[in-house]
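What follows is a short report on a single structure.
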Protein chains: 2
Amino acid sequence: MKSVRNTTAKTEIQELIANSPVALSHTEIQSATNGLCDRVTIYRILERLTVEGLIHKVVNVDGVVKYAGCHSCSEKHNHNHIHFSCQKCKSVTCLEDVEPSYKLPKKYTVSEMNFTLSGLCPQCS
Amino acid sequence: MKSVRNTTAKTEIQELIANSPVALSHTEIQSATNGLCDRVTIYRILERLTVEGLIHKVVNVDGVVKYAGCHSCSEKHNHNHIHFSCQKCKSVTCLEDVEPSYKLPKKYTVSEMNFTLSGLCPQCS
DNA sequence: TAGCTTAATGCAACAATGTTGCAAAAGTAA
DNA sequence: TTACTTTTGCAACATTGTTGCATTAAGCTA
Ligand SMILES: [Mn+2]
Ligand SMILES: [Mn+2]
Ligand SMILES: [Zn+2]
Ligand SMILES: [Zn+2]
């Protein structure tokens, strides 16, 4: 039986992501927590929070990996929203209300989606 | 005036990508060309082909960068199709016919899109 | 064809990001 | 507190991509 332990670093990183209006990268988290723990530990905490369904990973169009809080992912991740990536301020935002629609022609089996739009966010327009 | 030179390596890599049914990563290109040129040269050729509008970059959901041929991008890139990423065979395919629709809050200015679905491709279903 | 200009290449060195193994530290239940 | 197990720190490594610079070679012209 593998139990989950709530450590200081894990709690702090989870709250940091949950309270952030934009998705955060590993580097941004490391800067924000300022020596709270080792950088390897941050990677492992992010992995654990993702598995637990508390945060989700967002791979930006420029390849930068960021993390954002989940709102209703208890058992497994179920995201069908769009992400917006600002080309000016580099922010990545979850647009939870925006559900894209599409129609696949062939015999593809879809299990996940990752839709990202880039341009200028409201602050940078 | 900066002119463009067609070298053996550039031509071969462009044809490799153009004739491939799936998007190719830098590593896959390096393996396929088998010592044709240095790995740095491959990066620079991919950059050049992208600027020239002959290929386009696809950042997969797992962060792996791949390249696929462009069909009608002379002046600048204009892609509005979906990419499909197979979780089993790891292939990334351009679904040129599939155009997703969505409605954004009007405060956002969109200039690019990157939509990727993952699951099982027809061969792996 | 030979020579000239400069785009393209090879190579080394570096940077950023992420992973793994293992011993030490810390969380949790008894 | 003790015992058990998860979590952490650290070092070492892997992958991917970038940069500077000397050398090579593509394409133009005579
Ligand atoms: Mn999101
Ligand atoms: Mn494509
Ligand atoms: Zn912005
Ligand atoms: Zn497949």
Side-chain angles (χ1 to χ4, degrees), chain A residues 1-17 22-68 85 90-92 114 116, chain B residues 1-17 22-68 85 90-92 114 116:
Chain A
M1 59 185 79
K2 42 187 168 183
S3 63
V4 170
R5 295 182 185 177
N6 291 319
T7 63
T8 323
K10 184 187 170 192
T11 306
E12 196 157 324
I13 289 176
Q14 193 211 320
E15 287 177 355
L16 177 68
I17 295 174
V22 296
L24 300 174
S25 68
H26 172 273
T27 307
E28 290 166 337
I29 292 169
Q30 190 174 17
S31 301
T33 53
N34 191 36
L36 171 69
C37 61
D38 193 76
R39 49 184 287 274
V40 178
T41 303
I42 297 179
Y43 280 116
R44 295 197 262 228
I45 287 176
L46 291 173
E47 165 69 16
R48 238 178 310 147
L49 290 173
T50 302
V51 170
E52 293 174 23
L54 297 173
I55 64 176
H56 65 284
K57 193 176 188 173
V58 184
V59 178
N60 201 357
V61 283
D62 55 9
V64 176
V65 174
K66 301 210 171 191
Y67 294 87
S85 171
K90 304 295 175 190
S91 67
V92 172
N114 193 293
T116 302
Chain B
M1 58 186 77
K2 40 186 169 184
S3 64
V4 170
R5 295 181 185 177
N6 290 319
T7 62
T8 323
K10 184 187 170 192
T11 306
E12 195 156 326
I13 289 176
Q14 194 212 320
E15 288 177 355
L16 177 67
I17 296 174
V22 296
L24 299 175
S25 68
H26 172 274
T27 307
E28 290 166 337
I29 292 170
Q30 190 175 15
S31 302
T33 52
N34 190 35
L36 170 69
C37 61
D38 193 76
R39 49 184 288 274
V40 178
T41 303
I42 297 179
Y43 279 115
R44 294 197 261 229
I45 287 176
L46 290 173
E47 164 70 15
R48 238 178 311 147
L49 290 173
T50 302
V51 169
E52 293 174 24
L54 298 173
I55 64 175
H56 66 284
K57 194 177 189 173
V58 184
V59 178
N60 201 359
V61 283
D62 55 9
V64 175
V65 175
K66 301 209 172 191
Y67 294 87
S85 171
K90 305 295 175 190
S91 67
V92 173
N114 193 293
T116 301

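Naming convention: chains lettered A, B, ... in sequence-line order (proteins, then strands); numbering from 1 in each chain.
- The distance between atom CD of A:E12 and atom P of C:dG27, rounded to the nearest whole Å, is 14 Å.
- For the pair B:K10 and B:R5, the minimum side-chain heavy-atom distance is 4.5 Å or more.
- In this structure, the CZ atom of B:R39 is 7 Å from the C1' atom of D:dT16, given to the nearest Å.
- Taking atom CZ on A:R48 and atom C1' on D:dT5, their separation rounds to 13 Å, with Å as the unit.
- At least one side-chain heavy atom of B:I29 sits less than 4.5 Å from a side-chain heavy atom of B:I17.
- Among the nucleotides D:dT18, C:dT9, D:dT6, the one closest to the side chain of A:R5 is D:dT6.
- Among the nucleotides C:dT19, D:dG17, D:dT6, the one closest to any side-chain atom of A:V40 is C:dT19.
- The distance between atom CG of B:D38 and atom P of D:dA25, rounded to the nearest whole Å, is 14 Å.
- Listed candidates were C:dG21, D:dT19, C:dA7. Nearest to the side chain of A:R44 is C:dG21.
- The separation between B:I42 atom CD1 and D:dT15 atom P is 16 Å, rounded to whole Å.
- Between A:T116 and A:N60, the closest side-chain pair of non-hydrogen atoms falls below 4.5 Å.
- D:dT16 atom C1' lies 15 Å from atom CD of B:E47, rounded to whole Å.
- Distance, B:I13 CD1 to C:dA8 C1': 12 Å, rounded to whole Å.
- You'll find that the side chain of B:T8 is closest to D:dA26, out of D:dA11, D:dA26, D:dT16.
- Contact annotation: A:S3 side-chain N/O to D:dT5 OP1/OP2 distance is not under 4.0 Å.
- Using a 4.0 Å cut-off, some side-chain N or O of A:T7 falls inside it from OP1 or OP2 of D:dT8.
- With rounding to whole Å, B:N6 atom CG is found 17 Å from D:dA25 atom P.
- Expressed to the nearest 0.5 Å, how far CD1 of A:I55 lies from CD1 of A:I13 amounts to 8.5 Å.
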Checklist entry - Are A:E28 and A:K90 close enough, and set up right, to give a salt bridge (Lys or Arg N to Asp or Glu O under 4.0 Å), and what steps lead you there? => result CA-CA 12 Å; A:E28 290 166 337; A:K90 304 295 175 190; over 6 Å; no
